[in-house]
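Everything below concerns the one structure shown next.
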Amino acid sequence: QVTKVESGGGLVQAGGSLRLSCAAPGSRFSADTVAWFRQAPGKERELVGLVTVGGRTVYGDNVKGRFTISRNNAGNTVYLQLRSLKFEDTGVYYCALPPYTAWGQGTQVTVSS
């Protein structure tokens, strides 16, 4: 199991931005499609988006056009840029590797309306 560390969350006003990071030191992180998920209070975890090894990205409908995923394979890091944040973006954000069943502590994003 690869240890992943999410960071960059915080409290932000609606309309604001945050940049989340997912690091996996010493792993084969760069060889996998990395996905970001989020879980709001009382709701199921949902896919935010993913980035392939080659940099192709796919996003959920709720975040399309506002969030951007990028990766630095040399640094074993994947980023999630959050823009135009809405109250409903509040939740714990997790990064995950295939088969997307192992979860770290995540990073909390709280958007105030």
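- Considering only heavy atoms from C-beta on, Lys86 stays 4.5 Å or farther from Asn62 through its side chain.
- Dense packing is recorded around NZ of Lys64, with more than 12 heavy atoms of other residues, nucleotides or ligands lying under 6.0 Å away.
- Within a 6.0 Å radius of CD in Glu46, more than 12 heavy atoms belonging to other residues, nucleotides or ligands are found.
- Shown here for Ser112 and Gln13, the closest heavy-atom pair between the two residues is OG-CA, 3.4 Å.
- The shortest heavy-atom contact between Val78 and Arg71 is CG2-CB, 3.8 Å.
- In terms of modelled atom types and a separation under 3.5 Å, the side chain of Arg45 and the main chain of Val92 share no donor-acceptor contact.
- Judged purely by atom type and a 3.5 angstrom limit, Gln81 uses its side chain to pair as donor or acceptor with the backbone of Leu18.
- Between Leu82 and Tyr93, some side-chain heavy-atom pair lies under the 4.5 Å cut-off.
- In summary, the aromatic rings of Trp36 and Phe67 are positioned with their centroids too far apart to meet the 6.0 Å limit.
- Leu97 has its side chain within reach of Val34: a pair of non-hydrogen atoms, C-beta onward, lies under 4.5 Å apart.
- The salt bridge (Lys or Arg N to Asp or Glu O under 4.0 Å) analysis of residues 88-111, with sequence neighbours excluded, yields the pairs Arg38-Asp89, Arg66-Asp89.
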What's the verdict on side-chain contact (heavy atoms from CB on, under 4.5 Å) for Thr68 and Arg83, showing C-alpha distance, side-chain angles and the deciding distance?
CA-CA 8 Å; Thr68 303; Arg83 298 184 181 89; 3.3 Å; yes
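- Proximity of a side-chain donor or acceptor of Thr90 to a complementary backbone N or O of Val111 within less than 3.5 Å is detected.
- Using cut-offs of 30° and 60° on the angle between ring planes, the pair Tyr94 and Trp103 is perpendicular.
- Listed for the Tyr59 side chain is a donor-acceptor partner under 3.5 Å among the backbone atoms of Ile69.
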